[in-house]
Q: 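Before I ask anything, here is the structure I am working with.
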Amino acid sequence: MSKTVPFNKAKIEEILATYPTPFHIYDEAAMIANAKQLQAAFSWNEGFKEFFAVKAAPNPYLIKVLSEVGFGCDCSSHPELLLSESAGVVGENIMFTSNNTAAYEYQKARELGAVINLDDISHIAYLEEHAGLPDLLSFRYNPGNLKEGNEIIGNPEEAKYGFTEAQLFEGYAILKQKGFQRFGIHTMVASNELNNDYFIETAEIMFNLIVKLHTQLGIRFEFVNLGGGIGIPYKPDQKPVDITYISNGIKKKYDEIIVAQGLAPLKIFLESGRYITGPYGYLVTKVQHFKQTYRDYVGVDASMSNLMRPGMYGAYHHITVLGKEFAPKLHTYDVTGSLCENNDKFAIHRELPKIEIGDLLVIHDAGAHGHAMGFNYNGKLRSAELLLRTDGSVVQIRRAETVEDYFATLDFSGLTSFK
Ligand SMILES: *Cc1c(COP(=O)(O)O)cnc(C)c1O
């Protein structure tokens, strides 16, 4: 599939009059269309809900856009809970899936009425002591060697997350004994997974587990949260997941297992991040230098502080040169940022059209785990976030950082008396 951008060079030049590069820009219309498609695919399941993984793109404006389609928020920390609250997403529209969680974070989650998903059996008592028990609890299942992970999330057996199967039985028995009537269950074993069948298999494992828990403990589950991890095609030759195929496959297992055992209705929840915003965010950056040594380097005004996936994972991110979308790719470049780190490269040995200083480069699929992973190493400042609205207008949803932001935690006045 060829990768396209939802704007042309003239549009970006118009934006540049107000907002200098580098910036992230999100395509609202495409994001909403995709969100609606996900909901339509799972409309067979009454109560289906996607809880957008806030960590992927922690911006309250994006949360608001998604909440209007009916999405909730999956939060993992106190600040993410605050962001969700600021966008009007509260109560059981929040799933709080965290690990190694501090008491104050549980307290905030309880205050907001969030659905709490515990990562460990010892946290039943910890939650009770520090924040009180809600009437609904969910546990995160770690299937161990039952399921293979992948390189981003790792192998479940080596992963720090979740309960073992034996701990699930013990944990739900504790809840039952405490008089709980509302139960949920969760797992998250994939990251950036493009294999459709993987998600159907995960659902099957969870449905069978629910039957076992019901048989042994006599409890009924209100929901199963199948986690996030739906992949996106970063490379032009990769195929996107087929969400309808996944949903139909899950429905088949649901009918065979959950319905057949009399355990319907069971709400299906997802907490995807990447799939929801990833393809709809772009990092726009300008070429500021060209350098020829042992290789040809294109130096841009963004760096890995704006998008660290290529440096961190060696991840491929497609690049479009604006105004040269159809030019032949006859040149091979490394596209670099300005950090004193040799992995500060957006592309290595990439075939691109001939690039000149001043060209505008669009780095694709920067909408999830992009700006969010930004950092200030080397004194680099994080870029602005813009939203391309459905009506074609552009609004700034986060300004760029300034040096004042960078120095905000330093008190220089102490230096005069400091010896
Ligand atoms: C990171 C994470 C997600 C979202 O992952 P994506 O790959 O962005 O879909 C969801 N749930 C949990 C618990 C996570 O850690």
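Counting starts at 1 for both ligands and their atoms, following the listed order. Heavy-atom basis, side chains included; hydrogens, waters and symmetry copies ignored.
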Q: Please report the closest heavy-atom contact between Leu213 and Ile219, naming both atoms and the distance.
A: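 For Leu213 and Ile219, the tightest heavy-atom pair comes out as O-CG1, 4.2 Å.
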
Q: Taking the six-membered ring for Trp, are Phe139 and Phe163 parallel (under 30°), tilted (30 to 60°) or perpendicular (over 60°)?
A: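 Ring orientation of Phe139 relative to Phe163: parallel.
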
Q: Of the backbone atoms (N, CA, C, O) and the side-chain heavy atoms from C-beta on, which set of Met188 has a member under 4.0 Å from an atom of ligand 1: side chain, backbone, both, or neither?
A: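 Just the side chain.
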
Q: For ligand 1, which atoms, with element, lie under 4.0 Å from some heavy atom of Asp74?
A: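 Under 4.0 Å from Asp74, ligand 1 has these atoms: 10 (C), 11 (N).
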
Q: Within ligand 1, which atoms have a heavy atom of Gly273 less than 4.0 Å away?
A: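 Near Gly273, the atoms of ligand 1 are 4 (C), 6 (P), 8 (O), 9 (O).
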
Q: What about Ala56: any of its N or O atoms under 3.5 Å from an N or O on ligand 1?
A: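 Among all N and O atoms of Ala56, none is under 3.5 Å from an N or O of ligand 1.
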
Q: By number and element, which atoms of ligand 1 are closer than 4.0 Å to a non-hydrogen atom of Ala53?
A: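 Answer for ligand 1: 3 (C), 4 (C).
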
Q: Quick check: does Arg140 get an N/O under 3.5 Å from an N/O on ligand 1?
A: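 No: no nitrogen or oxygen of Arg140 is under 3.5 Å from one in ligand 1.
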
Q: Please list, in number order, the atoms of ligand 1 under 4.0 Å from a heavy atom of His369.
A: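 Taking each heavy atom of His369 in turn, ligand 1 has 6 (P), 8 (O) under 4.0 Å.
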
Q: Less than 3.5 Å between some nitrogen or oxygen of Tyr275 and one of ligand 1, yes or no?
A: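 For ligand 1, there is no N or O atom that lies under 3.5 Å from one belonging to Tyr275.
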
Q: Check whether the side chains of Asn225 and Glu271 place a donor and an acceptor atom closer than 3.5 Å, and report yes or no.
A: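 The answer is yes; a qualifying pair exists.
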
Q: Between the side chains of Glu85 and Lys108, is the shortest nitrogen-to-carboxylate-oxygen separation below 4.0 Å, so that they form an ion pair?
A: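 Between Glu85 and Lys108 there is a salt bridge, with a charged N closer than 4.0 Å to a carboxylate O.
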
Q: Please check if any side-chain donor atom of Asp365 sits under 3.5 Å from a side-chain acceptor atom of His317, or the reverse.
A: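 The criterion, which ignores hydrogens and geometry beyond distance, is not satisfied for His317 and Asp365.
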
Q: Can you find a non-hydrogen atom of Ser272 under 4.0 Å from ligand 1?
A: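 It does, in that a heavy atom of Ser272 comes within the 4.0 Å cut-off of ligand 1.
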
Q: Which of the numbered atoms in ligand 1 are below 4.0 angstrom from a heavy atom of Lys55?
A: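 Reading through ligand 1 atom by atom, the close ones are 1 (C), 2 (C), 3 (C), 14 (C), 15 (O).
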
Q: Hey, is ligand 1 close enough to His186 that some N/O pair sits below 3.5 Å?
A: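 Between His186 and ligand 1 (N or O atoms, distance only) the closest approach is not under 3.5 Å.
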
Q: Kindly write out the residues that satisfy side-chain hydrogen bond (donor to acceptor under 3.5 Å, both in side chains) with Glu14, not counting sequence neighbours, or none if the list is empty.
A: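 Expected list: none.
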
Q: Which of the atoms in ligand 1, numbered in the order shown and given with their element, are less than 4.0 Å from a heavy-atom of Thr97?
A: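 So the answer, numbered in order with elements, is 13 (C).
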
Q: For ligand 1, which atoms sit closer than 4.0 Å to a heavy atom of Arg274?
A: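 Within the 4.0 Å cut-off of Arg274, ligand 1 contributes 6 (P), 7 (O), 8 (O), 9 (O).
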
Q: Looking at every non-hydrogen atom in both residues, tell me the closest pair between Tyr275 and Tyr280 and how far apart they are.
A: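 In terms of heavy atoms, the two residues are closest at O-CE1, 4.1 Å.
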
Q: Based purely on interatomic distance, does Glu271 place a nitrogen or oxygen under 3.5 Å from a nitrogen or oxygen of ligand 1?
A: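 For ligand 1, there is an N or O atom that lies under 3.5 Å from one belonging to Glu271.
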
Q: Return a yes/no value for Gly229: is any of its N or O atoms, backbone included, closer than 3.5 angstrom to an N or O of ligand 1?
A: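 There is such a contact, yes.
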
Q: Testing the basics here: between Ala56 and Gly273, what is the closest heavy-atom pair and its distance to 0.1 Å?
A: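 Heavy atoms of Ala56 and Gly273 come nearest at CB-CA, 3.8 Å.
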
Q: Please say whether the positively charged group of Arg309, taken as NZ for Lys or CZ for Arg, lies over the ring of Tyr316, i.e. under 6.0 angstrom from the six-membered ring centre and within 45 degrees of the axis.
A: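 Cation-pi check for Arg309 and Tyr316: fails.
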
